[in-house]
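Letters go in sequence order (proteins before strands), and every chain restarts at 1.
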Protein chains: 2
Amino acid sequence: MKKFSKKTINRAFLYIRTLEQLINNKHNLVSSGQLAKLTGLTSTQIRKDISNFGKVGTPGIGYNTEELNEKLELFILQKQVVHIAVFGIGNLGAAILKYPNFQKTKLNIVAGFDNDPKKVGKKFNSIPIHPIVNAPGVIKKTHTDIGIIAVPQKFAQEVADIMVLSGLKGILNFSPTTINVPNDVFVKDIDFTISILSLFCRINLT
Amino acid sequence: MKKFSKKTINRAFLYIRTLEQLINNKHNLVSSGQLAKLTGLTSTQIRKDISNFGKVGTPGIGYNTEELNEKLELFILQKQVVHIAVFGIGNLGAAILKYPNFQKTKLNIVAGFDNDPKKVGKKFNSIPIHPIVNAPGVIKKTHTDIGIIAVPQKFAQEVADIMVLSGLKGILNFSPTTINVPNDVFVKDIDFTISILSLFCRINLT
DNA sequence: TAGATTGTTAATCGATTAACAATC
DNA sequence: TAGATTGTTAATCGATTAACAATC
């Protein structure tokens, strides 16, 4: 399978997201120029990205939205469903369990984990909460693909270790700390504090 | 003021975050090699980044953690406090209002906005919730720097317009849609769906 | 002195952009 | 045919990395 850069993959999903909106609004044609406006990118970059996935447009006309969407999804998702587990059912973890946009997509939260006896055994948005110690078994049984770290900073590494032990290869880390994992495990860090500070910094340097 | 790339700024905050942990643990010296291990970057890149901010290390020895931390903070933050307003007090918005890590830092949420009469007038974590129509006044009075979009997708552009009208120059956008704003307004998009799909895609392309 | 580590230059690598022939 | 737009090549730009003299 051809390798795409992280940036190309991210943009591909941005195109898919935009195309879905266009399809919902009954637009069946779109040009790279229009996509550029809708995504905030340049038309050249969009054409370049799309050409990675094959020839799908018509010169002088543009792209068929449904066709382009299918082509992109086929290449980078292969129509699979992604199974997700959330570690730490605090404010953020609970918000993720209830996040409405996952239900529209191929993303499926299959389990939550927490050590608080008040939460274990309950269901949040019909997702069962297990004790963290049960993670390896539950993850294997549910074929979980991606784990989300929503525990406090000081437990982040511990939870990451359990994830790795359970065989997860993808971790979305919301804790404000770097976690150490083997090379074959991919981590995406989302640190709200850094996101905001970085934004603020860019405003002030202008 | 010298311009730094978005990537450099983000890494600078990662260094600050790491240095703070080291300082808390009473480490007063650190080498670029050790920082590399702690951040997952390379030592060369770290030295290169740090050199943007001036000479602060000692050859053969390393960096004084407190001194380096101060230098970085001085350059990119100038010791300012950042005032934040959250639009949309649903599951995610409420979780952000309660996010514990902001309280440790210079980030200060000053207001929430929602149109639900059950929420307006209440306080979440001692932060008052206002009706969205009051945003321009509240934002000016509280000197808000950054607005966070946590409303459903279909209201995102509308809320972004109000933010721009209110004079905000930085927007953290959690809604899964591209918002259109003037050139002098910076937007950071965090789309949970794209983050997870992109991670999953990278696993599968390996 | 020997070993360690910084700061910096030059080389490499990868990503974006400009330009345009081909096509509808 | 004239106008619009794709797909692609070559040029540019920027970011990362390798290498090493200077320094402690």
Side-chain angles (χ1 to χ4, degrees), chain A residues 2-15 18-19 22 27-72 75-76 183 198 201-202 205, chain B residues 2-15 18-19 22 27-72 75-76 183 198 201-202 205:
Chain A
K2 193 181 163 185
K3 277 262 190 72
F4 304 103
S5 77
K6 208 194 307 188
K7 290 190 156 193
T8 304
I9 293 174
N10 269 297
R11 286 194 302 263
F13 284 111
L14 185 58
Y15 304 148
T18 308
L19 287 165
L22 287 167
H27 293 90
N28 46 23
L29 264 182
V30 70
S31 68
S32 60
Q34 291 171 309
L35 275 176
K37 278 232 167 163
L38 292 169
T39 57
L41 303 170
T42 65
S43 64
T44 304
Q45 180 156 63
I46 289 170
R47 290 200 302 283
K48 181 101 194 185
D49 280 336
I50 290 173
S51 75
N52 281 317
F53 303 97
K55 295 195 188 189
V56 59
T58 312
I61 307 293
Y63 303 94
N64 178 294
T65 49
E66 300 234 19
E67 193 188 336
L68 178 53
N69 187 50
E70 260 183 42
K71 194 96 172 185
L72 292 174
F75 253 85
I76 63 177
N183 273 337
S198 169
C201 189
R202 279 158 62 206
L205 294 181
Chain B
K2 193 181 162 186
K3 276 264 189 70
F4 303 104
S5 78
K6 208 192 309 185
K7 290 189 157 197
T8 304
I9 293 173
N10 269 297
R11 285 195 301 263
F13 284 110
L14 185 58
Y15 304 148
T18 309
L19 287 165
L22 287 168
H27 293 91
N28 47 20
L29 263 183
V30 71
S31 69
S32 60
Q34 291 171 310
L35 275 175
K37 277 232 166 163
L38 292 169
T39 58
L41 304 170
T42 65
S43 65
T44 305
Q45 180 155 63
I46 289 170
R47 289 200 303 281
K48 180 99 194 186
D49 281 336
I50 290 173
S51 74
N52 282 316
F53 303 99
K55 294 194 188 190
V56 61
T58 313
I61 307 293
Y63 303 95
N64 177 295
T65 50
E66 299 235 21
E67 192 189 336
L68 178 54
N69 187 50
E70 260 184 40
K71 193 98 173 181
L72 292 174
F75 252 87
I76 62 177
N183 272 337
S198 170
C201 190
R202 279 157 61 207
L205 294 181

Sugar-phosphate, base or nothing in reach of B:Thr58, heavy atoms under 4.0 Å: sugar-phosphate

Any-strand Watson-Crick or G-U partner of D:dT23, both distances under 3.5 Å: C:dA4

Atom pair CG (A:Leu29) and CG (A:Leu68), whose distance is rounded to the nearest 0.5 Å: 11.0 Å

Rounded distance (Å) that lies between atom P of D:dA15 and atom CG of B:Leu41: 15 Å

Sugar-phosphate only, base, or nothing, as touched by A:Ser31 at under 4.0 Å among non-hydrogen atoms: sugar-phosphate

Nearest-Å distance for atom pair CZ/P, residues B:Arg47 and C:dT8: 11 Å

Atom-to-atom span, CG of A:Leu29 to P of D:dA4 - whole angstrom: 16 Å

Reported CG-to-CG distance for the pair B:Leu19 and B:Leu35, which is rounded to 0.5 angstrom: 5.5 Å

Toward the 5' end of DNA chain D, by each residue's nearest nucleotide, B:Gly60 or A:Val56: A:Val56

Distance in angstrom units between B:Ile46 CD1 and C:dT8 C1', rounded: 16 Å

D:dA4 OP1/OP2 closer than 4.0 Å to side-chain N/O of A:Tyr63: no

Phosphate contact (D:dT17 OP1 or OP2) by B:Thr42 side-chain N/O below 4.0 Å: yes

Pairwise side-chain contact, A:Arg202 with A:Ser198, heavy-atom cut-off 4.5 Å (strictly under): yes

A:Ile61 side chain, from C-beta outward: closest of C:dC24, D:dA15, D:dT9: C:dC24

Nearest to side-chain heavy atoms of A:Pro59, which nucleotide of D:dG7, D:dT17, D:dT5: D:dT5

Side-chain heavy atoms of A:Thr18 within contact of A:Val30, under 4.5 Å: no

For atom CG of A:Leu68 and atom C1' of D:dT5, their distance in whole Å: 14 Å

Side-chain N or O of B:Lys55 closer than 4.0 Å to phosphate OP1/OP2 of C:dT8: yes

d(NZ, A:Lys7; P, D:dT16) in whole Å: 9 Å

Residue whose nearest DNA chain C nucleotide is more 5′ - B:Gly62 or A:Thr8: B:Gly62

Touch class at under 4.0 angstrom, heavy-atom based, for B:Ser43 against every strand present: nothing

Nucleotide paired to D:dA10 in any strand shown, Watson-Crick or G-U, under 3.5 Å: C:dT17

B:Ile50 side chain, from C-beta outward: closest of C:dT16, D:dG7, C:dG7: C:dG7

d(CD, A:Gln45; C1', C:dG14) in whole Å: 13 Å

Sub-4.5 Å side-chain heavy-atom contact between B:Gln45 and B:Arg11: yes

Euclidean distance, atom CG of residue A:Asn64 to atom P of D:dT6 [Å, nearest integer]: 13 Å

D:dT5 phosphate, OP1 or OP2, under 4.0 Å from A:Ser32 side-chain N/O: no

Close side-chain approach of B:Phe4 to A:Cys201, heavy-atom, < 4.5 Å: no

